[in-house]
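Data first, discussion second: the structure below is written as structure tokens.
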Amino acid sequence: MIDLTQLRRDPEFVCAALARRGVERATMDVIIELDRRHRALLQEAEGLRAEVKELSRQVGEARKSEQTTLADELQANSRARGERERVAHAEAEAAGQQLRDKLLDLPNIPSPEVPDGLSEADNVELRQWWPGCESGQPFPSFGDHQRVAHWDIGSELGILDLEAGAKLAGSMFPLFRGVGARLLRALSAYALDQHFDAYEEIRPPHFALTETMTSTGHLPKNADDMYAIERDDLWAIPTAEVPLTSMNRGEILDEANLPIRMTALTACFRREAGAAGRDTRGLLRVHEFDKVELFAYCTPEQAPAAQADILARAEAILQALGLPYRVLALCAGDLGTSSAQTFDLEVYTPGVDRWLEVSSVSWFRDYQARRANVRYRPAGGSPTLVHTVNGSALAWARIWAALVETYRQPDGSVVLPAVLAPYLGGRTTISPR
RNA sequence: GGAGAGGUGGGUGAGUUCGGUUUAAACCACAUUCCUGCUAAGAAUGCGACCUCUUUACGGGGGUCCGAGGGUUCGAAUCCCUCCCUCUCCGCCA
């Protein structure tokens, strides 16, 4: 949620900033007017309320000194005001609720350095990496044996069974088997070990309450993209960001403990409504995938470094796996609802010849913290909203695809990076059976 | 799932019997100052959050908040209802 005080103080700035990501001026005018009306009604109700309280106090005194007539008179007076107060209060509440609903729908203000643009076509590529690029080697040229899609490799080696997954849960729910399943486990274990030095490992619930989903900005806007269990008012988490951001909801954190950094491995569930039929083959887009997430609560001053650390760790894993990738700065129009600034990492997959998003590293400023009410107390100051940053390191389904395509050998086997050997029982070759 | 006990500020914890100077005590922690004087101890004062009005500013006024939401009342931490969570015991269970 954006800062209402900032909107009052500098409406032109806020409207202009939000216009960069497609919010219309008329929408903002409605909000500004609702806020004005809400406050006027609030004043009226509170004034009446103060009178009721004062009269009630006098009733108490009169009763004590047994001035019955006076007490009855004051009581009648108070009751009349109380009735008027009830009406004004209800109207103020209604206006306040409308205001909150509108504000919840409003996306975050993009950072000034975020590039202009309204669609992903306007995202800016910052850099590319591939093995040997530091010593001047060209982007790798991939052989014909690497130009095979991962779904073909997967069924050939018996490590990916999309038919079985579809039979159990419908399409886009992949089923991994044998070394393929173990590879996922290895990736998660390897990544969690890499982050253990600075990030507390969390294993959160995979379901969250509506209230929790609202804190991160996933509700009410993105309800159609998530799985709901209506009977219990639960939603399947689309990312570990959801539980991690809400872990300290409503709390005032000790400044000395910041930044608080956490990492979590979870399954992530996405309905991908509206994406049917588009880029959905194999593991390109799935309803359930594992992901290791990095997250931090921090002060505004710490946030840029915290975001840079997450980006660096995600890149370090891609480099350790030897997978070519590129870094994109998302343009204003392509940012997620809650984000003020986002960098995407896309891995190159030679078999399907595509760049696939495997990480999204975002700085939310205080947008999520305001919704979740997470604050810290600066030395000598009053409670201040924390900043939240997070990013994937990494989303494994697409990494899995990139690995088997990139490391496919002419004989059809796949030779995996050596860093994973300890997690694969020392073996890194997957051979046809 | 059943029975019982509980949920109060950053923390501990009174107040709930019997609604009305509770404007939420006290202690701890914290901050400032003083005294002492040196890896300490003591004293004084201050110290909640949120909303809103007002002020150039310092500040001041009003309102809300005692797990959440309703209700009764002139007036609710206190009485009533619903729900959530924690603890203890029982049942069930990987």
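Per chain, numbering begins at 1; letters A, B, ... match sequence-line order. Just the heavy atoms: all of them, side chains too, but no hydrogens, waters or symmetry mates, feed the values below.
- Of the nucleotides present, none pairs with C58(B) by Watson-Crick or G-U wobble criteria with both distances under 3.5 Å.
- Across the P atoms, U78(B) and C90(B) are found 34 Å apart, a figure rounded to whole Å.
- Contact check for Val386(A) versus Gln302(A): no side-chain heavy atoms found under the 4.5 Å cut-off.
- With RNA chain B read from its 5' end, the first of the two nearest nucleotides for Glu54(A) and Ser78(A) is the one closest to Glu54(A).
- In summary, the side chains of Thr210(A) and Trp235(A) do present a donor paired with an acceptor at a separation below 3.5 Å, with no hydrogens or angles considered.
- Using a cutoff of 4.0 Å between basic side-chain nitrogens and carboxylate oxygens, Glu211(A) and Arg249(A) are scored as salt-bridged.
- In this entry U72(B) has no Watson-Crick or G-U wobble partner, no candidate having both defining distances under 3.5 Å.
- Nucleotide U88(B) has A3(B) as its partner under the Watson-Crick or G-U criteria, with both atom distances under 3.5 Å.
- Distances from the side chain of Val59(A) to the nucleotides C74(B), G63(B), U52(B) place C74(B) closest.
- Under the 4.5 Å side-chain criterion, counting only non-hydrogen atoms from C-beta, Arg203(A) is not in contact with Thr266(A).
- Base pairing of G46(B) is made with C30(B), judged by Watson-Crick or G-U wobble geometry with both donor-acceptor distances under 3.5 Å.
- For U55(B) and A41(B), the C1' atoms lie 44 Å apart once the distance is rounded to whole Å.
- Atom P of G9(B) sits at a distance of 8 Å from the matching atom of G67(B), rounded to the whole Å.
- Among the nucleotides U72(B), G63(B), A49(B), the one closest to any side-chain atom of Arg86(A) is U72(B).
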Donor-acceptor pairs under 3.5 Å, side chain of residues 185-195 of chain A to any protein atom, not counting sequence neighbours: which ones?
from: Ser188(A); atom 1: OG; to: Leu184(A); atom 2: O; distance (Å): 3.3
from: Ser188(A); atom 1: OG; to: Trp396(A); atom 2: NE1; distance (Å): 3.1
from: Asp193(A); atom 1: OD2; to: Tyr423(A); atom 2: OH; distance (Å): 2.5

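- For Glu293(A), the side-chain hydrogen bond (donor to acceptor under 3.5 Å, both in side chains) partners at least two apart in sequence or on another chain are Lys291(A).
- The separation between Leu55(A) atom CG and G63(B) atom P is 12 Å, rounded to whole Å.
- The shortest distance between the side-chain N/O atoms of Arg57(A) and the OP1/OP2 oxygens of G75(B) is not below 4.0 Å.
- Each of Leu74(A) and Thr5(A) was assigned the nucleotide of RNA chain B with the nearest heavy atom; the assignment lying further toward the 5' end belongs to Thr5(A).
- Rounded to whole Å, the separation between the P atoms of A26(B) and C80(B) comes to 29 Å.
- Taking the six-membered ring for Trp and the full ring otherwise, Phe176(A) and Trp400(A) have centroids separated by under 6.0 Å.
- The shortest distance between the side-chain N/O atoms of Lys53(A) and the OP1/OP2 oxygens of U23(B) is not below 4.0 Å.
- With P as the reference atom, A3(B) and C83(B) are 12 Å apart, rounded to whole Å.
- At a threshold of 4.5 Å between non-hydrogen side-chain atoms, the residues Val361(A) and Thr342(A) do not count as touching.
- Among the heavy atoms of the strands lying under 4.0 Å from Ser56(A) is at least one base atom, whether or not backbone atoms are also near.
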Please walk me through it: do Asp116(A) and Arg20(A) pass salt bridge (Lys or Arg N to Asp or Glu O under 4.0 Å)? CA-CA 7 Å; Asp116(A) 284 327; Arg20(A) 293 183 66 206; 2.9 Å; yes
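- A 3.5 Å limit on both hydrogen-bonding distances identifies no Watson-Crick or G-U partner for U36(B).
- The partner of C83(B) is G67(B), judged by Watson-Crick or G-U wobble contacts that both fall below 3.5 Å.
- Between the side chains of Tyr325(A) and Glu346(A), no donor-acceptor pair is found at a separation under 3.5 Å.
- Picking from C74(B), A76(B), G62(B) the nucleotide with the shortest atom distance to the side chain of Arg49(A) gives A76(B).
- With C1' as the reference atom, G70(B) and G11(B) are 31 Å apart, rounded to whole Å.
- Arg249(A) has its CZ atom 13 Å from the C1' atom of G67(B), to the nearest Å.
- Distance CG (Leu70(A)) to C1' (C74(B)): 13 Å, rounded to an integer number of Å.
- Rounded to whole angstrom, the span from the CD atom of Gln58(A) across to the P atom of U73(B) amounts to 21 Å.
- Rounded to whole angstrom, the span from the CD atom of Glu44(A) across to the C1' atom of C53(B) amounts to 15 Å.
- Taking atom CD of Glu255(A) as the reference point, atom C1' of G10(B) lies 14 Å away to the nearest angstrom.
- Here C51(B) presents its P atom at 15 Å from CD of Glu93(A), a figure rounded to the nearest Å.
- Between C74(B), G63(B), A49(B), one nucleotide has an atom nearer to the side chain of Glu46(A) than all others, and that is G63(B).
- Atom name P, nucleotides A29(B) and U22(B): the rounded distance is 27 Å, in whole Å.
- Considering only the side chain of Gln43(A), U52(B) comes nearest among U52(B), G75(B), A49(B).
- Rounded to a whole Å, the CD atom of Glu61(A) is 14 Å from the C1' atom of U23(B).
- G4(B) and G63(B) have their P atoms separated by 40 Å, with the value rounded to a whole Å.
- Listed by residue number, Arg39(A), Leu42(A) are the residues of residues 30-42 of chain A with a heavy-atom contact under 4.0 Å to RNA chain B.
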